[in-house]
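All of these numbers come straight from a predicted model, not from anything done at the bench.
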Amino acid sequence: MPDVLTKPKATDNKSNIVVKEMSWDPITRIVGSLGIHCKIDFTNKQVQECYSTSMVFRGFDIFMRGTDPRDSHFITSRICGICGDNHMTCSVLNQNMAYNVKPPHLGDYVLNLGESADYMFDHAIYNDNLCSVDFCGQMVKETNPGVYEKAKHTEAPNASVHGYKTIADIMDSLNPFTGKGYMESLQMSRLTREMFCLMEGRHTHPSTLVPGGVSTTITHQTLTDYYVRLMKYIEYCKKIVPLHDDLYDFFYEALPGYERVGYRDTNLVCWGSFDDPEYCDYDYKNMTNWGRRRFITPGVAINGELVTTDLVEINLGIRILLGSSYYDDWQNERMFVRQDPLGNPVDRNHPWNKTTKPKPQKRDFAGKYTWVTSPRWFDKRSGKHVCCDTGGGPFARQWVTAKAGLVDIGYIKATGDSLEFNLPKTVGMPAVKQVWKVPKWSNAIERDRARAYHQTYSAMVGLYCLEKALDEVHAGRTKTWTPFKVPDESISCGFHEAARGVLSHHMVIEGGKVANYQMFPPTPWNASPRDVYGTPGPYEDSVQNTPIFEENGPDNFKGIDIMRAVRSFDPCLPCGVHMYLGGGKLVKSTHTPTALASYNNGK
């Protein structure tokens with residue numbers, strides 16, 4: 001079991017304490033409307049309070065009602081301009097279950113190849129072109145000049161692999177638009193977008209994904225074009241992983257106690273991804289078995305313990321809570337689903353039974369302050385609604401898969417406490433083995449480190465599925481789609497992973513139309529506010545009581561430690577970009593960036 005850190009308590013001594021309210025709204029270098037509002041104790045150098053806000057509402061679950069279910073993947077992909085393909089994939093998986101349709105093996109492999117390319121793209125561009133800017137030379141000079149000076153005189157342990165002699169050289173390579181590493185990652189993102197489009201036509205809204213498979217015409221040439229680009233990316237992974245290891249290990253050494261930055265208890269959710277067509281039939285009644293055959297294992301971790309890898313149990317444990325969200329509850333609304341297809345009871349707060357009832361209002365940190373709901377996982381053992389996070393995606397995926405020990409595809413092996421990656425020989429580098437070990441902590445640095453290793457993970461899944469797809473083509477099995485019929489009545493769910501974490505779509509069909517459609521991407525899991533029980537969401541929890549290592553004082557404070565904590569989750573908020581105001585109401589709302597002032601004055 002990982003070591004558990006005890007978070008320092010906020011001091012009760014109010015004399016001579018310098019406390020300042022600060023807000024970052026919107027957070028930069030992410031997509032969407034995310035605000036972080038803090039009270040910072042500069043005397044004891046720690047954050048006292050944190051509130052996470054998103055001030056725009058996502059209304060897709062409202063206007064999905066009454067639509068033709070065959071349109072759901074086209075509509076829901078528009079939820080996001082970043083991970084629209086993840087939503088489309090999840091919707092297709094959802095529809096496969098609803099229509100009882102099984103794609104040909106090649107169709108499933110094409111889906112996996114497209115999604116692995118998307119993961120490769122997202123993790124490369126986010127880690128080195130967005131998140132790692134917080135660790136670049138220019139940023140470290142401005143916030144921790146003493147650390148940068150030490151970095152200039154610290155040799156990089158893996159210099160012979162990645163080519164940077166000192167830690168400062170690594171930092172400088174991440175400087176935006178001038179650093180070599182920064183620019184190389186931009187090039188890799190272009191390659192991986194090309195790989196994606198070979199499989200799914202276009203990004204962000206794929207043109208070839210449909211229930212029952214894909215419409216892509218797959219030939220030997222298509223797969224060869226993908227392979228050429230993939231091998232370049234694998235060679236890139238051989239350098240980028242040790243580079244990030246050197247950088248993050250240095251921060252632990254240079255700033256003792258840095259493991260507390262962004263730390264929270266290891267409460268993780270992962271729905272798994274990359275179905276194995278040899279076992280997956282998309283039947284809910286068999287979901288426990290085919291879910292465990294995924295190339296990324298589904299699972300829930302509570303307090304550092306893997307409590308389940310059963311997708312049926314995972315599904316039934318999801319609860320959507322309110323509390324600090326701008327909605328009315330649905331306790332007096334209709335129950336759409338009382339039992340799942342296996343006869344298990346379904347809770348009123350499960351997504352199948354949620355009715356979205358938006359209620360725009362003034363932001364109040366003592367009451368309601370965000371459009372984000374509070375998904376929780378109900379632990380039957382304790383009777384508690386556990387606030388879990390996705391670890392930014394890669395951390396939870398690797399933690400669960402490593403602990404479960406179910407994946408072994410040659411290129412990737414889960415051992416119970418680690419993941420072993422076997423990277424083949426590439427043009428410029430020999431074959432190598434990389435090992436990601438389950439870390440002691442769930443914190444900012446380990447979320448970022450996991451993302452670097454997940455670039456390798458995604459590439460190795462891509463290589464495995466590419467070889468399987470080639471086998472199908474060589475055998476003449478080039479069909480990629482299976483016909484289907486839409487039933488009059490059905491309940492279904494799709495479980496997938498967006499690049500930054502869990503994604504699920506839940507659908508109820510009545511009279512051949514959508515009666516209820518609820519989507520829960522990583523955003524509400526990570527960006528949720530305090531729920532009805534007063535439990536803060538993961539962003540809030542990871543920032544609250546985090547120590548401050550920045551050398552700047554209150555007057556020139558950048559908030560770099562806070563930003564590293566938040567950005568380690570790979571925040572993406574465009575799932576909230578469509579405002580629903582009912583019957584054409586005009587709402588005008590004004591507030592100050594330091595909105596905590598009104599909350600504190602009202603105490």
For [X], enumerate each residue passing the ring-ring contact (aromatic ring centres under 6.0 Å, His included) test, keeping only those at least two apart in sequence or located in another chain.
{"X": "Y126", "result": "none"}
{"X": "F196", "result": "H203"}
{"X": "W525", "result": "W271"}
{"X": "H350", "result": "W352, H506"}

Once side-chain hydrogen bond (donor to acceptor under 3.5 Å, both in side chains) is applied, do any residues pair with S374, and if so which ones, sequence neighbours excluded?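 So S374 forms no side-chain hydrogen bond (donor to acceptor under 3.5 Å, both in side chains) with any residue.
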Residue list, side-chain hydrogen bond (donor to acceptor under 3.5 Å, both in side chains) with Q398, at least two apart or on another chain: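 Expected list: H454.
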Describe, in one word, how the ring planes of F484 and W481 are oriented to each other, choosing from parallel (under 30°), tilted (30 to 60°) and perpendicular (over 60°).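 Geometry flag for W481 against F484: perpendicular rings.
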Using modelled atom types only, decide if a donor and an acceptor are shared between the side chain of R500 and the backbone of D570 within a distance under 3.5 Å.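 Yes, R500 side chain to D570 backbone: donor-acceptor pair under 3.5 Å.
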If you take the centroid of each ring, where Trp contributes its six-membered ring, are [Y] and [X] closer together than 6.0 Å?
{"X": "H474", "Y": "H220", "answer": "yes"}
{"X": "F295", "Y": "Y464", "answer": "yes"}
{"X": "H505", "Y": "H87", "answer": "yes"}

Kindly indicate whether a cation-pi arrangement holds for [X] with [Y], taking the cut-offs as under 6.0 Å to the six-membered ring centre and within 45° of the axis.
{"X": "R447", "Y": "F569", "answer": "yes"}
{"X": "K354", "Y": "Y327", "answer": "yes"}
{"X": "R293", "Y": "F274", "answer": "no"}

Give, for atom OG of S116 and atom OH of Y109, the distance between the pair rounded to the nearest 0.5 Å.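 Between S116 OG and Y109 OH, I get 13.0 Å after rounding to 0.5 Å.
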